[in-house]
Number of protein chains: 2
Amino acid sequence: MPSTTNSTKETTANGAKAPPKKERRQVHERVFSHMRRGLMIGAFLPGQSMSLRKLAERFGTSPMPVREVLSRLVTANALEEMPSGSVRVPRLNSEKLEDLFSVRELVEGAAAERAAGNVTPELIATLHDINNRLIETIEKRDILGSLSLNQEFHFTLYHASGSDVLMPMIESLWLQFGPTMYMSLLIPSVPWNAEDHERILTALEKGSATEVRKGIVHDIRTTRDALLSVSSEHGLAELPFVSSAEFSMNY
Amino acid sequence: MPSTTNSTKETTANGAKAPPKKERRQVHERVFSHMRRGLMIGAFLPGQSMSLRKLAERFGTSPMPVREVLSRLVTANALEEMPSGSVRVPRLNSEKLEDLFSVRELVEGAAAERAAGNVTPELIATLHDINNRLIETIEKRDILGSLSLNQEFHFTLYHASGSDVLMPMIESLWLQFGPTMYMSLLIPSVPWNAEDHERILTALEKGSATEVRKGIVHDIRTTRDALLSVSSEHGLAELPFVSSAEFSMNY
DNA sequence: GATCTCACAATGTGATCAATAGGCCAATTT
DNA sequence: AAATTGGCCTATTGATCACATTGTGAGATC
């Protein structure tokens, strides 16, 4: 029995970091939230392959928690598994993109319609605040800020639906088109504005669930058209405008 | 002697098996498919907690692949994570159940409607065959067979939609209500038949996408009513009719 | 007799190890 | 000179290890 393996990790394990281990899943939580946010905000490019060890080194941990996080993201269809076992950010062709956005209309439209039934003055005020900050970032051409606030707007609205079933679905959808969406905003010809959000807010104030749904569907369609135009014009496959490594973990 | 826990599997670990390792992820694939099928078919009861080491011993592997599989199932909302870190099969209250089934109507209805647009004679023949076998198992009161063939009927239809986005969503939904559905069939007062499927097949042959969707929605509603009646009559929370351990891995 | 406490058994988490398969680059051959 | 093949390097995968925490049960105390 080789049970007498020398335990030579007292120096390398956590000698430099994390002296107090107060909460469970501390590392896992940190890695997962960073990866999720990174995918939604464009820290990783479509086609980029994720290395277990590289990411582990980046986060200052062992490959173990990263392994679990990547595995979970594969389940959420945010990453795809290569036959070799390595995982990478999927490249979406226009067909997959259309599929993705038609499901977005279906699911997020339903979430928005439900949310309209649970609307409160506080919700409207919060959404107004988010949207105002979003407009500011748009005027400053702040891509990361815009993406972040746009996501916050949508998810705040959907959260009001009160559905624990719809929310994970929507999160999975956003993780799937996130990396591609970031790239589309890099194209100067793609305009971004918050007009659809204004329309949604008006419908919310009116209390019209149907119009809220239509507003969300229209917003999704606008985003889809932008992504598809990028896809057709630029080929979508090879768009290494930026080395995403420069952006990694900078949010 | 606190280390007496791991002395029981030195023979089963890998000494007797797996001399040829041909494919990658051999163990992972096996564990995942067993767990998925087990959840859909009632091998695990709602509320049952899953032990990493127990399951690993059951599958004859180390806890490592099991850990990853359970983590993935948590991401798919098929299992829930306790604050202590252990995972278990969720207990669904009627509120969650209603939410789940309304989303089923939305998503599976859309998948069925799309599938109707891609209908082929082969698909109809396949569905007829599945349904005929399903009717046989129903007459024999074969719970496991009925569940399996019912699932095959639905997934074959949805697969014809050709959507790589809808399919994972539907699979996640089925994993969520799977354990509860199994229990409902244990109640003698709950009738099960395949009448809805007949209606769906007729609509498919007529080529009416709308009627196909309505047929699926009706079928889902029938299932929902059965589950909810069980939930209200029997409390749904404590229904340890069977020790699921007796069924484990028997499929 | 009930409750509180302490100790032990058990579980998940993170780290490390061993082995195998895949990718990459260079050298050699045609 | 180009293509193919060989070997080296690195990647993930599955197993084992160590530790911190949780949960449980027995025993003592009020």
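Side chains are part of it too, since the values below use all heavy atoms of this structure and drop only hydrogens, waters and symmetry mates. In what follows, chains carry the letters A, B, and so on, assigned in the order in which the sequence lines appear, proteins first and then strands, with residues in each chain numbered from 1. Just so it is clear, the structure is predicted and the values come from calculations on it, not from any experiment.
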Separation of [X] atom [atom1] from [N] atom [atom2], in whole Å?
X	N	atom1	atom2	result
A:Phe59	C:dA15	CZ	C1'	18 Å
B:Leu52	D:dC19	CG	P	19 Å
B:Glu68	C:dG12	CD	P	16 Å
B:Arg88	C:dA10	CZ	P	21 Å
B:His28	D:dG14	NE2	P	7 Å
B:Glu29	D:dG14	CD	C1'	15 Å
A:Glu81	C:dG22	CD	C1'	15 Å
B:Phe32	D:dG14	CZ	C1'	18 Å

Handout entry: Salt bridge A:Arg114-B:Asp99, side-chain N to carboxylate O under 4.0 Å
Key = yes
Of the candidate nucleotides [options], which contains the atom at the shortest distance from the side chain of [X]?
X	options	result
A:Pro65	D:dG14, C:dG12, C:dG14	C:dG14
B:Lys54	D:dT13, C:dT11, C:dA15	C:dT11
A:Val27	C:dA15, C:dG14, D:dG14	C:dG14
B:Arg53	D:dA11, D:dA18, D:dT16	D:dA18

Handout entry: Donor-acceptor pair under 3.5 Å, B:Arg67 side chain vs C:dG14 base
Key = yes
Exercise for the section: Just jot down the side-chain contact (heavy atoms from CB on, under 4.5 Å) partners of A:Glu81, sequence neighbours excluded, or say none. Expected result: A:Val74, A:Val87, B:Arg25, B:Arg72
Exercise for the section: Would you please test A:Ser163 and A:Ser161 for side-chain hydrogen bond (donor to acceptor under 3.5 Å, both in side chains) and show each step? Expected result: CA-CA 5 Å; A:Ser163 171; A:Ser161 73; 5.0 Å; no
Practice task
Identify whether any heavy atom of A:Met50 sits under 4.0 Å from a base atom; if not, whether one sits that close to sugar-phosphate; answer base, sugar-phosphate or nothing.
Solution key: sugar-phosphate
Problem - Close side-chain approach of A:His34 to A:Val31, heavy-atom, < 4.5 Å - result: no
Problem - First of A:Ser84 and B:Ser84 reached from the 5' end of DNA chain D, by closest nucleotide - result: A:Ser84
Fill in the blank from the handout: Whichever of A:Met64 and A:Val87 has the more 5' nearest nucleotide on DNA chain D, that residue is A:Val87
Practice task
Please state whether the rings of B:Tyr158 and B:Phe155 are parallel, tilted or perpendicular, taking 30° and 60° as the class boundaries.
Solution key: tilted
Exercise for the section: Examine D:dG14: is either OP1 or OP2 under 4.0 Å from a nitrogen or oxygen in the side chain of B:Ser62? Give yes or no. Expected result: no
